[in-house]
*Asks:* 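I'd like to ask you about the structure that follows.
Since the model is a prediction, treat every value here as computed from it, not as a measurement.
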Amino acid sequence: MARKTLKGIRVGVLAADGFEQVELTLPVKALRKRGAQVDIVSLHKGKIRGINFMWPGKKVAVDETVDRVRPKDFDAILIPGGFQNPDALRQSEAVLDFVREIDRLQRPIATLCHGPWVLVSAGLVSGRKLSAWPGIKDDLRNAGAEWVDESGVRDERWFSSRGPHDMRHFIKGMVQLFAEHAPRNHPVPESRTHWGRWALAAVMGLVAIRPLRTALAR
C-alpha cells in the first residue's frame with residue numbers, strides 16, 4: 001500500500017462502550033503512523049471498553065466528549081462497528097447532529113461493520129452506496145441506501161467495509177479517502193518531547209562552561 005502522509009489532518013473517532021476492538025485500534029494505528037492527529041470522541045469522559053466479537057476487550061482513553069467538540073474542528077471522522085457501540089451512539093442527539101454537520105461540511109467519513117447504523121439514524125444514507133455487516137443490510141435498504149457485499153465501497157466522500165475480515169482493504173481505502181478529501185486544517189501536534197535536541201543543548205552547554213571551570217580552578 002502506498003505510504004500516504006496524513007500530516008495536518010485531525011480525525012475524530014466516534015466510539016462508545018462496546019466498539020469492536022480491532023475496528024478502532026488498527027485504523028487508529030494506521031492513521032497515526034501516517035501523521036494524522038487522532039482523537040477518540042465519545043459520550044462520556046474517562047475510558048471506554050472494546051469487545052472482541054462477544055467477549056470483553058481492552059479499554060481506551062477518551063480524548064473528547066461529543067457535547068464539547070465542534071464538527072468544524074475535525075477534518076475527517078471514523079465510525080468503528082461492534083453492534084453495541086453504534087447502537088449507543090445513534091441514541092445520542094449530540095452524535096447525530098455532529099455527524100450531520102460533518103457531512104454538510106463535506107468532510108470524509110469512514111465506517112465499517114455496524115458503524116453505518118449511526119449514518120442511518122442521522123438520516124444521511126438515502127441514495128448512497130455502502131458496504132456493512134450483512135446483518136444490517138435491511139436497515140440500510142429500508143433507509144434508502146444500496147448495500148453492497150464487497151470488502152470496500154467508495155461513495156463520494158464515504159468509504160465503508162463489511163467488518164474485521166476486510167481490515168486490509170478498509171485501511172487502504174480510508175487512508176486514500178482522507179488523503180484526497182480531508183482539508184488538512186490542523187498543525188501536527190507535538191507528540192513527544194524532543195529529548196535528542198535537549199540532550200544536544202545540554203552537552204553543548206557543558207562543553208562551553210568546562211574551560212571557565214578550569215580557569216577558575218587555577
Side-chain angles (χ1 to χ4, degrees), residues 1-16 19-42 50 60 62-64 66 69-82 85-86 89 95-96 98-119 122 124-125 128-133 145 148 150-191:
M1 174 169 52
R3 297 296 178 184
K4 295 184 177 296
T5 179
L6 298 178
K7 291 181 179 180
I9 293 174
R10 185 186 184 192
V11 181
V13 181
L14 283 176
F19 65 89
E20 189 69 40
Q21 189 161 308
V22 296
E23 293 179 11
L24 183 149
T25 57
L26 294 184
V28 165
K29 181 179 179 181
L31 291 169
R32 287 176 172 160
K33 185 176 181 179
R34 289 162 177 79
Q37 176 185 347
V38 183
D39 293 313
I40 307 300
V41 182
S42 191
V60 300
V62 172
D63 298 303
E64 304 280 358
V66 71
V69 295
R70 301 178 301 176
K72 67 179 182 179
D73 290 335
F74 294 88
D75 304 307
I77 65 168
L78 162 65
I79 309 174
N85 164 56
L89 292 174
V95 168
L96 299 183
F98 181 90
V99 172
R100 292 182 188 117
E101 183 64 10
I102 285 287
D103 191 59
R104 190 192 71 79
L105 293 169
Q106 297 187 325
R107 304 292 165 85
I109 298 173
T111 186
L112 72 166
C113 196
H114 290 71
W117 260 347
V118 179
L119 302 175
L124 298 175
V125 303
R128 306 300 294 264
K129 182 184 296 185
L130 294 101
S131 183
W133 190 256
V148 184
E150 293 180 3
S151 59
V153 173
R154 175 83 168 262
D155 186 338
E156 297 180 359
R157 289 177 173 81
W158 290 10
F159 189 85
S160 55
S161 293
R162 293 169 298 192
H165 57 296
D166 294 328
M167 188 57 63
R168 182 172 64 86
H169 295 93
F170 178 74
I171 290 176
K172 182 178 180 179
M174 174 190 65
V175 170
Q176 180 77 28
L177 175 71
F178 291 177
E180 291 179 6
H181 291 294
R184 301 177 188 265
N185 287 332
H186 300 89
V188 180
E190 293 290 339
S191 59

*Asks:* Within the side chain of N85, is there an N or O that forms a donor-acceptor pair under 3.5 Å with the backbone of P80?
*Replies:*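 Yes, because the side chain of N85 sits within donor-acceptor range (under 3.5 Å) of the backbone of P80.
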*Asks:* Can you confirm whether L89 sits close enough to F19 that some side-chain heavy atom of one is under 4.5 Å from a side-chain heavy atom of the other?
*Replies:* no
*Asks:* W133 and P164: which non-hydrogen atoms are nearest, and at how many Å?
*Replies:*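 Answer, listing the atom of W133 first, then P164: CZ3-CD, 4.4 Å.
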*Asks:* Taking all non-hydrogen atoms of both residues, which atom of V153 and which atom of K129 are closest, and how far apart?
*Replies:*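 Shortest heavy-atom separation between V153 and K129 comes out as CG1-O, 3.6 Å.
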*Asks:* Stepwise, does the side chain to side chain contact (heavy atoms under 4.5 Å, CB included) test hold for L119 with I79?
*Replies:* CA-CA 9 Å; L119 302 175; I79 309 174; 4.1 Å; yes
*Asks:* Could you tell me whether a side-chain N or O of D39 sits under 3.5 Å from a main-chain N or O of G12, the two making a donor and an acceptor?
*Replies:*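 A pair under 3.5 Å: no.
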*Asks:* At what distance, to the nearest 0.5 angstrom, does CD1 of I109 lie from CD1 of I77?
*Replies:*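 The distance works out to 4.5 Å.
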*Asks:* Between the main-chain N or O of R34 and the side-chain N or O of R32, is there a donor-acceptor pair closer than 3.5 Å?
*Replies:*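 Side chain of R32 to backbone of R34: no pair is present.
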*Asks:* F98: what forms a ring pair (Phe, Tyr, Trp, His ring centres under 6.0 Å) with it, not counting sequence neighbours?
*Replies:* F74
*Asks:* Considering non-hydrogen atoms only, spot the tightest contact between A122 and V99 and give its length.
*Replies:*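 Distance-wise, the nearest heavy atoms are CB-CG1, 4.4 Å.
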*Asks:* Are side-chain heavy atoms of P108 and E156 found at a separation under 4.5 Å?
*Replies:* no
*Asks:* Mind running side chain to side chain contact (heavy atoms under 4.5 Å, CB included) on H169 and K172 for me, showing each step along the way?
*Replies:* CA-CA 5 Å; H169 295 93; K172 182 178 180 179; 5.8 Å; no
*Asks:* Ignoring hydrogens, what is the shortest heavy-atom contact between R128 and D103? Give both atom names and the distance.
*Replies:*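 Minimum heavy-atom separation between R128 and D103: NH1-OD1, 4.2 Å.
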*Asks:* Can you confirm whether more than 12 heavy atoms, excluding those of W117, are under 6.0 Å from its CH2 atom?
*Replies:* yes
*Asks:* Is S160 reaching over with its side chain to a backbone N or O of L130, donor-acceptor style, under 3.5 angstrom?
*Replies:* no
*Asks:* Main chain of E150, side chain of S131: is a donor-acceptor contact present, judged purely on distance under 3.5 Å?
*Replies:*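 Between the backbone of E150 and the side chain of S131 there is a qualifying donor-acceptor contact (under 3.5 Å).
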*Asks:* Could you check if a side-chain atom of M167 sits within less than 4.5 angstrom of a side-chain atom of L112, using non-hydrogen atoms only?
*Replies:* yes
*Asks:* Please round to the nearest 0.5 Å and tell me the distance separating atom CG of L78 and atom OG1 of T111.
*Replies:* 7.0 Å
*Asks:* What's the spacing between L177 CG and F159 CZ if we round to 0.5 Å?
*Replies:* 8.0 Å
*Asks:* Which is it for V118 and V95 under the side chain to side chain contact (heavy atoms under 4.5 Å, CB included) test, yes or no, and what are the steps along the way?
*Replies:* CA-CA 8 Å; V118 179; V95 168; 4.0 Å; yes
*Asks:* Please round to the nearest 0.5 Å and tell me the distance separating atom CD1 of I102 and atom CZ of R70.
*Replies:*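 Taking CD1 in I102 and CZ in R70, the distance rounds to 12.0 Å.
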*Asks:* Can you tell me how far apart CZ (F178) and CG (L31) are? Round to the nearest 0.5 Å.
*Replies:* 6.0 Å
*Asks:* Kindly indicate, with the supporting measurements, whether the criterion side chain to side chain contact (heavy atoms under 4.5 Å, CB included) is fulfilled by I9 and R184.
*Replies:* CA-CA 4 Å; I9 293 174; R184 301 177 188 265; 3.5 Å; yes
*Asks:* How far apart are the closest heavy atoms of E23 and G82, and which atoms are they?
*Replies:* OE1-N, 3.8 Å
*Asks:* Kindly give the heavy-atom pair with the smallest separation between G81 and C113, and that separation in Å.
*Replies:*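 Minimum heavy-atom contact is CA-CB, 4.0 Å.
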*Asks:* What is the distance from atom CG of D75 to atom CZ of R107, rounded to the nearest 0.5 Å?
*Replies:* 6.0 Å
